[in-house]
Amino acid sequence: MPPRKTVEHIKAEVLDEELLNILKIAQITAGGLVPSRQPSSDGITIYSRHTQHLVDGLLERLPVEKLPRALWVARLQNQIGL
């Protein structure tokens with residue numbers, strides 16, 4: 001099994017600009033900047049250990065109509081604890 005990456009880069013093409021800006025502000029506010037990485041306009045770099053928490057939070061807080069249809073089931077599974 002290959003070692004797990006320390007950081008993940010979420011590209012701007014998978015997030016809308018408003019959500020990307022919210023994530024960047026939250027990352028700065030929480031002190032979660034990755035020290036060895038320069039902030040970029042094409043996405044956000046976060047620690048791998050934060051990605052699942054981020055995904056769970058986004059699935060729960062985003063309005064269903066903002067989520068792609070494929071994520072509706074993931075949201076429901078997350079809500080009922082599967």
Side-chain angles (χ1 to χ4, degrees):
M1 174 184 272
R4 185 172 175 189
K5 295 189 296 185
T6 304
V7 296
E8 304 283 340
H9 187 74
I10 303 171
K11 294 186 180 218
E13 61 199 35
V14 299
L15 300 173
D16 69 17
E17 188 176 340
E18 181 181 14
L19 181 55
L20 181 62
N21 287 333
I22 290 169
L23 288 174
K24 286 181 178 184
I25 291 167
Q27 184 182 39
I28 290 167
T29 302
L33 291 174
V34 179
S36 61
R37 305 291 173 110
Q38 293 294 322
S40 70
S41 60
D42 74 329
I44 184 170
T45 301
I46 63 173
Y47 287 106
S48 296
R49 65 178 183 246
H50 297 158
T51 55
Q52 189 60 51
H53 184 68
L54 174 64
V55 168
D56 290 344
L58 289 173
L59 278 175
E60 185 61 34
R61 289 169 182 84
L62 284 173
V64 172
E65 57 275 0
K66 292 268 189 179
L67 294 172
R69 266 180 121 38
L71 292 180
W72 291 5
V73 172
R75 180 179 175 152
L76 182 60
Q77 289 174 332
N78 199 34
Q79 288 175 336
I80 61 174
L82 292 178

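No experiment lies behind these values; they were computed from the predicted model shown.
Leu33 belongs to a hydrophobic cluster whose other members, connected by ILVMFWY side-chain contacts under 4.5 Å either directly or through intermediates, are Ile28.
Using a 4.5 Å cut-off on side-chain heavy atoms (C-beta onward), Ile10 and Ile46 make contact.
Of all the heavy atoms in Pro35 and Tyr47, the pair that sits closest is CD-OH, 2.9 Å.
Taking NE2 of His9 as the reference point, atom OG1 of Thr45 lies at 5.0 Å (rounded to 0.5 Å).
Applying the side-chain contact (heavy atoms from CB on, under 4.5 Å) criterion to Val64, with sequence neighbours excluded, gives Trp72, Arg75.
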Which atom pairs, donor and acceptor, lie under 3.5 Å between side-chain atoms of residues 18-26 and protein residues at least two apart or in another chain?
unit_1: Asn21; atom_1: ND2; unit_2: Glu17; atom_2: O; d: 3.3
unit_1: Lys24; atom_1: NZ; unit_2: Ser40; atom_2: O; d: 2.7

